[in-house]
Peer 1: 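Below you'll find the structure I mean.
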Amino acid sequence: QVQLVESGGGLVQAGGSLKLACAASEGTVSNIAMGWFRQAPGKEREFVARISWRGYATTYADTVKGRFTISRDNAKNTVYLEMNSLKPEDTAVYYCAAARTPFGSNWSSDFSSWGLGTQVTVSS
């Protein structure tokens, strides 16, 4: 099973930017969709964004549309999440996930491998 490791989280002021990375090992993710989810304290894990296996199709949650950009570099087995205009409500642990299919879905149950997460904290 592919192993995923997220990086790039941290503390940032509202309006700032961060870029998360998710590196895959013990297998390739070039033929499957990848996604980002997040979980805030006391809340359920929620979908943030996903990208198809070649990167041609992307989908975003309404709450991040226009501010976040998901991308991938299959040669590096890495997926990215660029986050701009960050808000305090974006504070959460962000998880990278590998889907079971080339296009994936917005449902966490359709993702088979998960990273341990990286903390993003946005101060007001």
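Computed from a predicted model, the values in this text were never measured in an experiment.
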Peer 1: With clusters defined by side-chain heavy atoms of hydrophobic residues (ILVMFWY) lying less than 4.5 Å apart, directly or transitively, does F47 cluster with Y95?
Peer 2: yes
Peer 1: Find the distance between OG1 (T101) and CD1 (I32) and round it off to the nearest 0.5 Å.
Peer 2: 8.5 Å
Peer 1: Can you tell me how far CG of L4 sits from OG of S113, rounded to the nearest 0.5 angstrom?
Peer 2: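 Rounded to the nearest 0.5 Å, the OG-CG separation comes to 6.0 Å.
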Peer 1: Under the criterion side-chain contact (heavy atoms from CB on, under 4.5 Å), I'd like the reasoning laid out for V64 against R38: C-alpha separation, chi angles, the key distance, then a yes or no.
Peer 2: CA-CA 11 Å; V64 307; R38 67 186 183 186; 3.9 Å; yes
Peer 1: Using modelled atom types and a 3.5 Å cut-off, is there a donor and acceptor pairing between side-chain atoms of R50 and backbone atoms of F103?
Peer 2: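 Between the backbone of F103 and the side chain of R50 there is a qualifying donor-acceptor contact (under 3.5 Å).
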Peer 1: Donor-acceptor check, side chain of R72 to backbone of S52, threshold 3.5 angstrom: yes or no?
Peer 2: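 At least one qualifying donor-acceptor pair exists.
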Peer 1: Of Y94, F111, W107, which is the lone residue that meets ring-ring contact (aromatic ring centres under 6.0 Å, His included) with F37?
Peer 2: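 Looking at Y94, F111, W107, the match for F37 under the ring-ring contact (aromatic ring centres under 6.0 Å, His included) is F111.
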Peer 1: Looking at K87 and D90, is there a salt bridge between them, counting it only when a charged N and a carboxylate O are closer than 4.0 Å?
Peer 2: no
Peer 1: So which heavy atom on W114 is nearest to which on S108, and how close?
Peer 2: CZ2-O, 3.5 Å
Peer 1: Rounded to the nearest 0.5 Å, what separates atom CD in Q39 from atom CD in Q119?
Peer 2: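 Q39 CD to Q119 CD: 11.0 Å, rounded to 0.5 Å.
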Peer 1: Could you check whether atom CG of L11 has more than 12 heavy atoms from other residues, nucleotides or ligands sitting under 6.0 Å from it?
Peer 2: yes
Peer 1: I need the T58 OG1 to F68 CZ distance, nearest 0.5 Å.
Peer 2: 14.0 Å
Peer 1: Testing the basics here: between L86 and L18, what is the closest heavy-atom pair and its distance to 0.1 Å?
Peer 2: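 Minimum heavy-atom contact is CD1-N, 3.9 Å.
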Peer 1: Quick one: does E82's side chain get under 4.5 Å of S17's, heavy atoms only?
Peer 2: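 E82 vs S17: side chains apart.
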Peer 1: Spell out, as yes or no, whether a donor-acceptor pair under 3.5 Å connects the side chain of N77 to the backbone of V29.
Peer 2: yes
Peer 1: Please check: side-chain N/O of E6 versus main-chain N/O of C96, any donor-acceptor pairing under 3.5 Å?
Peer 2: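 Judged by distance alone, yes, a pair lies under 3.5 Å.
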Peer 1: With no hydrogens and no angle check, is any side-chain donor or acceptor of R100 less than 3.5 Å from a backbone partner on S109?
Peer 2: yes
Peer 1: Looking at side-chain heavy atoms only, is the closest gap between V79 and W36 below 4.5 Å?
Peer 2: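 When only atoms from C-beta onward are counted, W36 and V79 do touch, with a gap below 4.5 Å.
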Peer 1: Any idea which heavy atoms bring G27 and V2 closest together, and the distance?
Peer 2: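 Taking G27 first and V2 second, the nearest heavy atoms are O-CG2, 4.0 Å.
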Peer 1: How close do A40 and A92 get, heavy atom to heavy atom, and via which atoms?
Peer 2: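 Shortest heavy-atom separation between A40 and A92 comes out as N-CB, 3.8 Å.
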Peer 1: Could you tell me whether a side-chain N or O of T78 sits under 3.5 Å from a main-chain N or O of K76, the two making a donor and an acceptor?
Peer 2: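 Yes, the answer is positive, given that a donor and an acceptor are paired below the 3.5 Å cut-off.
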Peer 1: Can you name the closest pair of heavy atoms from A14 and S124 and give their distance?
Peer 2: CB-CA, 4.3 Å
Peer 1: Would you call L20 and M83 a side-chain contact if the rule is heavy atoms closer than 4.5 Å?
Peer 2: yes
Peer 1: Indicate the atoms forming the closest heavy-atom contact of S85 with R67, along with that distance.
Peer 2: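 For S85 and R67, the tightest heavy-atom pair comes out as O-NH1, 3.0 Å.
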Peer 1: If you round to the nearest 0.5 Å, how far is OH of Y80 from CD1 of I51?
Peer 2: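 Between atom CD1 of I51 and atom OH of Y80 there are 11.5 Å.
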Peer 1: Distance check, rounded to the nearest 0.5 Å: K19 atom NZ versus S7 atom OG?
Peer 2: 11.0 Å
